[in-house]
Each structure stands twice: as C-alpha cells, then as structure tokens.
Amino acid sequence: MATRTSRRRALRQGAGARRDTRRRFAAVPACGAMAEQEPAAAAAGSDSDSEEGEDGERRHRQLLEAISALSGRKRRKLAERSEASGQVSEFNVSCKGAGEKLLLSELLQPIHPKSTLGSVRKELARVKQKAAVELPLSKEEAKRVVREAAYVTSSKEVGKWQQVVLQNRRAEQLVFPLRQDIATVTPLERVTSAWKARTPLEQEIFGLLHKTQQPITDPLLTPEEMASVQAMSLEEARRRRAELQKARALQSYYEAKARRAKRIKSKKYHRVLKKSRRRQALKEFEQLHKSDPAAALERLEELEQLRMQERMSLKHQNKGKWARSRAIMAKYDLEARKALQEQLARNKELMQKVRVEPPEEEPCEVPEEDTTALPMPSGANPWMLGKPSGLAPEPEAQEGPRDDTVPVAVESKGKMEEEEEELSEEEALLQDFEQKRQQRTGNPEGHSKDHGADETETGAEQPRDSPVPPDCAKELGDSPVPPDCAEELGDSPVPPDCAEELVSAGLEPPPQAQEELLLSEQLRRVQTMEDMESLAKEELVEEQEKLVALRPGKRARQQEKARTGDRHTKKAATKRKMISLEAVLDGKPQEMDCSSLPVVLEEEEGGIEQRGMITEAFAGDDVVADFRREKRKAEEAMKPQPVNLVLPGWGEWGGTGLKPSTRKVKRFLIKAPPAPPRKDQHLPHVIMSEKRNIHAAAHQVSKLPFPFERHQQFEQSMRTPLGPTWNTQRAFQKLTAPRVITRAGHIIQPISAEDVPDTAPGSRARLGGEAMPERKAVPRGKAVPRGKAVPRGKAVPKGRAVPGQKAQPRHRRAQ
Amino acid sequence: MRVKVLSRNPDDYVRETKLDLQRVPRNYDPVLHPFEVAREYVRALNATKLERVFAKPFLSSLDGHRDGVNCMAKHPKSLSTVLSGACDGEVKIWNLTQRKCIRTIQAHEGFVRGMCARFCGTSFFTVGDDKTVKQWKMESPEYGEEEEPIHTILGKTVYTGIDHHWKEPVFATCGHQVDIWDEQRTSPKCSLTWGFDSISSVKFNPIETYLLGSCASDRNIVLYDMRKSTPLKKVILNMRTNTLCWNPMEAFIFTAANEDYNLYTFDMRFLESPVMVHMDHVSAVLDVDYSPTGKEFVSASFDKSIRIFPVDKGHSREVYHTKRMQHVITVKWTSDNKYILCGSDEMNIRLWKANASEKLGVLAPREKAAMNYNQKLKEKFQFHPQIRRIARHRHLPKSIYCQIKEQRIMKEARRRKEMNRRKHSKPGSVPFVPERKKHIVAVVK
C-alpha cells in the first residue's frame, strides 16, 4: 500500500521522481514500515531542493510526515484520493497503469493450468491469430477483377492460334478453301458390310439366303457342301490307299532300275543314251509345240533357265580336270580332240540365248509400204534394240542377204576339214548349229529318226545334194546362227538374185508349215544372219531396205524389192495394225536425219563463202587499229587534267606574245592526283566506260529497297531469271507459283480447328502451342517481305499472376 | 559417199501417254540466252503496263433501292445471293449472276440499321429504327403467301447493329448495350454493358466464336466474352470507331474503321497499340470487311471511295471510285475472294472485281501460266522506278486528290511544328511518339 501511495506521489512529481523512487527501491530492500517511511522522506529531501520549490503545501505535508516518522510512532496511513481519476475501483485501487497494456496471458499466468482453462486459452490463441475480415470490394472493383481474369484466359485461348497464324503468314503457297475434300477410296469390304437390305424384296431374298445358309459375301461352298467334301467314304479311302501303295511300289521299281542303269560303266552306252534322250526331248518338244504352244513356251523358258545355269556354272568349259587332260591328249589323240570339241559345242549351245518373240510378231510380215516408208530398219538405231548390243551385227546384216548362199554345203565341207585342223571355237559353234538345224529339218520330214545316232552328218548331206527347197529354206531361216558364223558365210560368193528367189519362194508357205515355223522363229530369229538369208520375205525386204537406206547407190535392188513389195500390199493392208512401236518410232529420227544433214553441209559451205566475201568487201578497213585508236582516245579523255592557275602579267611584264615564266607555271600548275587504274587495262578488246548513263539510270533502282539489307542480296534476287526461257518447265512452274490460290465459285470459310493440317481429328493439340507468345520470339524476317506482317507490341509475361481467379463467376446470366 | 545417220534415244522425245506434254528439247545453256535480267525487265514492264491497261474493276451496279443503302449481308452458302437494307426500311435480296433483285421486303419503318444471315443460310435477321428485331426466311414466300417475318422481337431501345453467331443459333444486337439472344427466346440471354453509351456495331469472332467486339460512340472498342458474359477490355481511341471486322484467318486480329480517316488493326492480346495503322482515306471510314483469305480488307469511306488494304501494309493497294458513287456506307468482300460489293448513299450497290485487272472466266493453262509469270515478274521488279511508277498510278477524282494534297500539307505542318517545338524545348521534354501510339488514348481493364 505504502509503496503505491509513494509511487502515486512520485508520478505526480514527474518522470524524474519516478526514476528516483526506483533507485531507492533498489537501494533499500523492503523491510516493514520503516522501509516505507524512509523512501518518502528521502524523496522529499532530494526532491525539495531540486525541482519543486513552489509547491509549499506539499512540502508542508512532507515535513509533517517526516516529523511523525521521527517520533517513531507508527501511524496507519489512510489512503486518500488526491487526484481526479476516471477509473476508481471499490477496492480502493486506482488504476494507475491504465495506459499500460495488460496482456491476457499475464492475467492467467499465476493461475495454475487446469484442463478447463486450457481449452479456453487455446481458443483465445486461435482468435488472436486470425486477421480481421476486410471490407468487401466495391462493385466496380469486383467487376474489374472479373474482367481482367476473363481477358487473360480468353486471350490465352486465342493465343493457341499463334503458331497457325504465323505458319500461314510465312507459307509459300496457300490454297483456299483450306479444307480440300479428298476423295477417299473405301475398301470394298467396308462398303459391302455397310450395305443393308432395305427394300422388302431385298430383305426377303436375304432372309431366304440366310435360311438356307447360302454364302452371301463370297461365292464359296455352302456349309453342307463343305462338310460333304471333308467327309470321305470308307470305300473311297480304301481305293485311295491302294492307289498310293501301288504308286509307291512302282516308284521303288523305277528307282531300282535307275540305280542299275547308273551303275553301267560303258561310256558308249551313256553317250547313246544321252543322245537318244536329247532327241526324244526335242521330238517331244516339237510335238508339244504343235499341240500346245503355251506349254512349249514354258519349256522354252525352262531351256532358258538351263542356259542361265550353264552360264553361271563352269561346266562344259575346258577348265575342268577332264578337259585339261583331254587338251593335253588332243594333240595326239583324235578321239580326245573330238570329245573336247563336242564339249565346247555343248557349252556354246547351252550358252546360246533363246529369243522369244511376242506372239503378235510371229507372222513377221511387216507391211511393204511401211518398210518402204522407213528407209532404215530398227536394227540401225542402237537405241531401238533395247539392249546394248552395239553396232557390230549391222554390217553383217547388210552383207548377209547379198551373199546369199546354200550354206550347208560349205559348212559340211568345213566340218570335214575341221577334224583335221585345229579347232576354233567358231567352228565348234558352227558344228553345233548345223547339228541342230539338221535335227529340226529332219524332224518334220521324219528323217532324223531313220538316220540313227549320227544324224548330224546325214542331216548335213541331205541339203548338200539338193538345192535348198523353199520350205526348207524357210525353216533354215529360223534356225539359230551366231553372228560370227554369219561372217564366215559372208565370204562365199553367191549372187543376190538367189535371195529374191528365196523370198518369192517363201511367199506361199502352207499354213501348216508357217505354224511350225513359229516356234523356230521365236527361238533365234533376230540375232542370226543365217536366218536372215533364208527368212520370210518381209524380213528380207526390211533388211534390204536397210541396205538401200545405207547405200543409196544400189538402186536396182531397191526397185526389185519394191516389186516384191507390191505383191505384198494386200497383206500389208491387213497387217497395218500390227506395226510395232519400234517401226513407228523409227520414222521420226530418220526423217529428221534426211532433212538436217544436207542443210548442215550447205551451211558449212555457205559460211566459208560468206566469210570470203566479207573479207573481200572490207579489205581496206583496219577495224582493229580503229578500235585501238578509239580506246586510246577514251583513256586520254578519262585522265585527270591538271589545273592551271597561272595568271599572265602578275609580277611580270604583260602584253601580247609574252609567256609566263616557267617558274611561275611550275608554281601555279596544280597536278591532279593520278586516276585509279582503268578496269579495262588488261582487256585489249574492250572499252569500259564508267560514265553514268542517264538513260539507263532512269530504269535503275537508286536506293536499296526495304527488306534487303545489302545490295548484294538485292542484286542476287535480280539475277535469277524466272522465265521459261532460262528454266525448265518444272522449275518455271515452281518459281511462278502464286502465293494465294483461290478457286472460282468456292466459298472460303473462316479457318477452324479442322482446317489446321497437323491437328489430329477433333483435337486442337497443334493449336495449343504457347498460349501467350513472347513478342520477341516472333521472327521478323527482314530479308523476306512476308515477315513484315508479324504483329509488334509489348510482350505479356507468361507467368503473370491472375488476380482473383477463384472469385471469377461462372456463367452468371442476367436473366 | 558415206552418210552418217544420227540416232536419238526415243526416251527423249517419245511421250509415255498421249496426254503428256509434247517434249520440246531445249537447250538451257545460259550462253545461248543472254541478257536475262534485261529481257525479264522488259517483260515485267510490259506486264505492268498491261495490268494497268486491263484494270477495269467496275462490273455493274445494282439499282432498285429507293433510299441510301445502309447495310448489306452475304449469304453464307450461296455466292450469288446478297442482301441489302436501305434507309427507308426496305430489304432487297439480289442475285449477282443475273444482277437482278429477286425479292423486296418492307422490313422496318425508318432505317434498316443492321442485318445478318443465319450461319446455315435459311433465314436472316434485320434490326431497324422501329426498335424491332425481325427474322425472315431466305426463300421468297409462296404464291399468295404474305411477306411476313418468322419472328419479331420488340425491344425497348433502338438497335443499331446485329450479328449472328457463326455456329450456334445465337445472335447479338447492340444499341444501349450488347444483348445476346437465343433464337428461340424473346428476351436476351444476357446483356453486356460497360459504361453507358450507344454502341454502333457488334461483331462475332468467326474463329473463336464466343468472342465479340463492339465499338461505341464514346470512342471506345470493347471486347466481350460470351461464355463468361463479361466484357474483357476496352480501348479508347482519339476518335470514334464506326465498325470493326475480325480477320477470318487469324483469330486475334481485328480491324477498326475510325472517324479519323484511318483504320487500325489490333491484336486483341495486345491492345496497347495497334499492329498497323492504315491511312489513305481522306474522310471518315464507315465500313470495313476482310477478304475471306484474311490477307486483305476493303474499306468504305465517306470520301466516296473504297480502298483495298493489305493487312500488313500501312497504305492501300487499290482505290475504287466512280463519278456517281457518293458516300459509301457499307462494303462486303464476297466469300470466293473475287468480288467486292459496296452500297452507297445514292441508292446503288456496286459490284467490283477484287483484283482490278484479273481476267474473268475460265483460263487456259497457258494463260494461267503466263498470268503467274507476269505476276512474279511484277513482284520481282517492283522496286524499279519505271515499273513502280506505272504500277502505282491511279486516277482519282479531283475532290479526293485535292483533299489528299491538303491532308499532306497539314500533316507536314504538324510534323514541322512538332519538330520546331522539340528543337526549342529542353531535350527529352517533347518525346517522339510513334504513329501507332498516337491514336490510343487509354486501355481500360
């Protein structure tokens, strides 16, 4: 209590007094009433002198107190109110610390924690943490926030189109309408599956079909049929088994037989066997050809296969062990030589290419008129052959018909000789050829069988005796002869008339024979010379026309051929349609050749003449010297002139006839700086004028246009020509492709998500690139004028906070 | 004498099919074809001259209205049909191929303020001064049937414009506020307001179809989002905008036709400054319409001319005018990108070619190739003075010419004054303001 009163007093005295009391508290520990008196006195003493001199009344009271204290009697001190206070408690407690903040926790501090109060305290703490609820936004503000949020989201959505827009702006070409209807081909299955029976009739039919389980989609077996097919009766099964057994037994017999035959060592037997087999095969082949040409063709293909295999393998070449040994023996042993030769021949035969002609050309009757129209046959143009055969066969072809022969005699003779002399490959080949031909000639007549094993010789003899009959000649014509062989033949002198005879003879072959010939013709007709000689007339005619074309000197021949041709006109008319593409193609180049060649020659001659004339006419003029003079003049003119500042009469005598002194002249004559070197100083034939041409300047660009940054760029763009004169068709089209293509009568709809080519159907995956593109990222192609259209402005930061996004109302309708 | 025979590879000269082009062997050796630049230059010069010679853009005029044509609408599905509304409340439907009016409706009393066709082309809407919105059938009524609207909505205020949604049965009108209507209802689905002023035009975005743009007479352009039924942003320009048109190929680009003789192309994401200011007109621009390719737009002006601007250029590439054409109030670019229609004060609708020198009708392939070539040549040599001079030359009526001259003088004077002011004041106190920024007063969020 005492402390409180004293404190109150101290308060009244001021801040300094209060400080003193505190100090005193610290100095004097609390010890009963004594301690209470003392500070008051001390305070009175110290304060009275220092601060409060005017307050006499108070001082008086203090004095009284002090005296009473001295008396030693303790007096109860009555609390008395000495000041006006707003807050007065009934406990006689004046609210001294009204200004001080009273913390709630302090209040609770002395109370020992109890369970009930603990929860209260927690709640209090929670309440304390919460901030005060702010005032609601004004209506305007709220609207603004909503607007801003909506703007950000919608501009983000619109920004999806950024990529598409840029792409379209930069596109080389845009075709409108953007969505092109592409005609899609739907597979048949889908169409059929999508189809449904609609009309009652259709439905009825389909109902019936379904009921009877008839196949609808595919013409297959019905289920019943399938079942019946699958099932097999017992009898049938037995029969089948028996058949199989029998077949197996037969097979084993054959195998045993073959094994036995294989074990036979006799060479002669084998040779005979082989030959007979071959013969058999040939015969079969002929038969087959008669009966079934298609099968024969297949066989031919097989033969071709065989040939290919032969070519691949090293068989039948004189590189094997046996062949080498034979080769050593060949010098002394006739047999060995023969065997070797035979083998070589076989090799040749196998390697010979089989030529198969398309069946349309089998008749090979190229119409006469056409051939006359085409001076050069197809063989003359190496490109027309379809393979790089080269020009080699041509001269032979020319010679062939002229040196028409009865070749067989020569060959047979040669064959006799060849056994004595060394064997060349050509000879072997020849032999082979002969053999084959005899086989073929023999077969239709039924000779070859009779002649037995050595039919080559007999075949050779037969034609030797008799002049070649027309039919036979034809047949011969079809037999294959290698070109080398033809060369040999060419040596023998035979009058050309013979060929024509042959031709005329070959005119009327029986239809049967013609059919037969088809096959042999197919085999090796085009390649060989031998064929050509004894060939059907149209071939010959063609051939000779070629000759005519190449050697125009031989007129008589051509006339003759024309005569023969006349006979064919009827047929030709009918066969006109069969003109092969090649025959037609021949025409153009030949015509052009004919026309162009002499022209060229004339020009050459004319050129020389003209030059002579010109030189003659301008004999007196020395153009070169003139030019030099002119150039010198131009050089002189372009030289910078010295500036003469000499004024006569200054510092000297003036008058007519006086010259300024050299000293003066030297002083006042200003030499111009030397001109830069002329551009044409190293070009003796050129004068380059660097003067500005005003007339040209009117057409020139004076300053660099906008999108270009350097004049080289611009010049480069000017230099590339666009026109069809300098560019190929394709390049021209590409260069001049318009930037925007619209189609007349087509409505162009605004772009939509489906129009964007890269988007997957229905999704806008491509569209949604970056929502708000950075403006800086937009390339402003300066060199490309199109890039100009790119919008400019300030970038909107990507990660911009969206204020009040949660508060944004959704679909607030004013209804 | 030995004759050598030439032979060629038939692959070089034989066609594979007879439909192939004939192969003409050519030697492209540049030595054989000298002076390519000079020759092409001459060709370009000739092409340019011919272009100008053949530049006859005016095709025909459709007359029949008894008052000035106030608005037009394209048929969304038919190229040959176009609708027009006049100042006496009359609506006419025209067939462009026959160049005839095929139907006349007295739709409103007073002006027909706006019209638009439904996206499917079966009906169209008109708004008029009589405070009504009317929906009409596109087909003419049967014999004996009355010419009557399908629906009529009577509003409280005058509607000044209308536009239909591009995909849904929703349309928007403007007047005191932008109203969005469902076709089936007689009261608007929602009304969008921002401030109080009369809105002169409202347009749906053709690509992002929920977006709308409007321009009001308090000089602002406001964008709206239909889904959120809230305005998005507002740009205030120096002078009032008459109409705006969205680019049909670029979702965020629109162009506004302003009273200050200019057109402003904005990117709606960056409204602080327009992407491009298009200036060439010498009087208020009243209408603008984009070409369906989105590469160009056409503007109609009070100065009795229409101009075609490339979107990315500040000046027009073409100006069309005739002696009798008065203030052009409305203009449309047809959906096949070939023609332009303009309706003007003197009761006529005029049909123009969008490309003045284009040949109409079917072109032979060679013609087409030649045309493309000439086009490229012109493009290539466009910077050459002679060619540029010819290509740029246009005839203008004296009134426009004089006004342009006057404008130029005024502009020069303003520039000079600003320069002088800058010269005589503290450096930096008179800032350089780019042309794009000059016309924007504020952007309100």
Side-chain angles (χ1 to χ4, degrees), chain A residues 144 146-148 150-151 154-155 157-159 161 165 168 174 176 376 380-384 585 588-589 593 596-597 698-699 701-702 705 717-719 721-723 725-728 735-738 740 742 744-748 750-752 772 788-789 791-794 796 811-815, chain B residues 3 5-10 13-14 28 30 33 36-37 39-41 43 77 79 166 187 189-191 206-208 211 225 227-233 248-252 267-270 272-273 275 292-293 295 311-312 335-338 369 372-373 375-377 380 383-386 445:
Chain A
R144 198 177 66 85
V146 167
R147 278 198 303 260
E148 247 174 84
Y151 176 71
S154 59
S155 58
E157 273 176 55
V158 165
W161 289 93
V165 166
N168 281 354
L174 281 177
F176 292 102
M376 197 164 64
N381 191 346
W383 298 105
M384 299 311 252
L585 295 182
K588 290 180 195 166
D593 292 343
S596 67
L597 213 62
H699 294 275
V701 181
S702 53
S717 80
M718 283 298 116
R719 219 172 294 139
L722 300 170
T725 322
W726 300 274
N727 295 300
T728 59
L735 282 171
T736 60
V740 173
T742 56
H746 284 251
I747 292 177
I748 302 167
I751 197 169
S752 64
M772 295 288 278
K788 223 180 124 189
R792 268 147 256 157
K794 270 188 186 166
V796 173
H811 294 277
R812 197 184 56 188
R813 292 271 143 81
Q815 284 188 25
Chain B
V3 177
V5 180
L6 294 179
S7 63
R8 296 192 286 155
N9 187 348
Y13 57 88
V14 176
Y28 292 104
H33 307 285
E36 60 262 26
V37 179
R39 285 162 78 186
E40 289 220 314
Y41 173 75
R43 284 179 199 181
K77 300 283 173 192
L79 280 174
W166 287 80
S187 58
K189 229 161 70 168
C190 66
S191 299
I207 305 165
E208 295 294 340
L211 285 174
D225 191 331
R227 300 169 307 175
K228 291 165 194 144
S229 65
T230 170
L232 298 175
K233 221 171 201 184
M249 290 293 151
E250 301 174 1
F252 38 78
D267 186 333
M268 71 156 273
R269 300 166 298 170
F270 315 100
E272 288 74 23
S273 75
V275 176
T293 60
K295 301 273 177 204
V311 174
D312 52 353
S335 338
D336 61 347
N337 196 34
K338 286 260 186 287
N372 290 344
Y373 180 40
Q375 196 57 44
K376 282 285 159 174
L377 280 181
K380 181 182 169 186
F383 304 112
H384 288 252
Q386 297 272 308
K445 282 179 186 171

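Heavy atoms only: backbone and side chains are in, while hydrogens, waters and symmetry mates are out. Here is how names work: the chains are called A, B, and so on, in the same order as the sequence lines, proteins then strands, and each is numbered from 1.
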Evaluation steps, side-chain contact (heavy atoms from CB on, under 4.5 Å), between B:Met249 and A:Ile748 = CA-CA 10 Å; B:Met249 290 293 151; A:Ile748 302 167; 4.0 Å; yes
Decide side chain to side chain donor-acceptor pair (under 3.5 Å) for B:Tyr41 and A:His699; before the verdict, give the C-alpha distance in whole Å, the side-chain angles of both, and the deciding distance to 0.1 Å.
-> CA-CA 9 Å; B:Tyr41 173 75; A:His699 294 275; 2.5 Å; yes
Go through the atoms of A:Ser717 and report whether side chain, backbone, both or neither lie under 4.5 Å from a heavy atom of chain B.
-> backbone
Counting heavy-atom pairs under 4.5 angstrom with chain A, the leader among B:Lys338, B:Gln375, B:Lys77, B:Met268 is B:Met268
Donor + acceptor pair across side chains of A:Ser154, B:Arg269 (<3.5 Å) | no
Among A:Leu735, A:Val701, A:Val740, which residue forms the greatest number of heavy-atom pairs with chain B at distances under 4.5 Å?
-> A:Val701
Looking at A:Phe176 versus A:His746, is the centre-to-centre ring distance below 6.0 Å?
-> no
Of the listed residues (B:Ala251, B:Pro30, B:Pro385, B:Ala369), which shares the most heavy-atom pairs with chain A below a 4.5 Å separation?
-> B:Pro385
Where does A:Leu174 contact chain B at under 4.5 Å (heavy atoms): side chain, backbone, both or neither?
-> side chain
Select one option (side chain, backbone, both, neither) describing which atoms of A:Ser702 are under 4.5 Å from chain B's heavy atoms.
-> neither
Which residue out of B:Thr293, B:Asn337, B:Leu377 racks up the most heavy-atom pairs below 4.5 Å with chain A?
-> B:Thr293
Residue selection (most heavy-atom pairs with chain A, distance under 4.5 Å) from B:His384, B:Glu40, B:Lys295, B:Arg39 | B:Glu40
Verdict with supporting geometry, B:Tyr28 and A:Asn727, side-chain contact (heavy atoms from CB on, under 4.5 Å) = CA-CA 7 Å; B:Tyr28 292 104; A:Asn727 295 300; 5.7 Å; no
Between A:Trp726 and B:His33, how do the two ring planes meet: parallel, tilted or perpendicular, split at 30° and 60°?
-> perpendicular
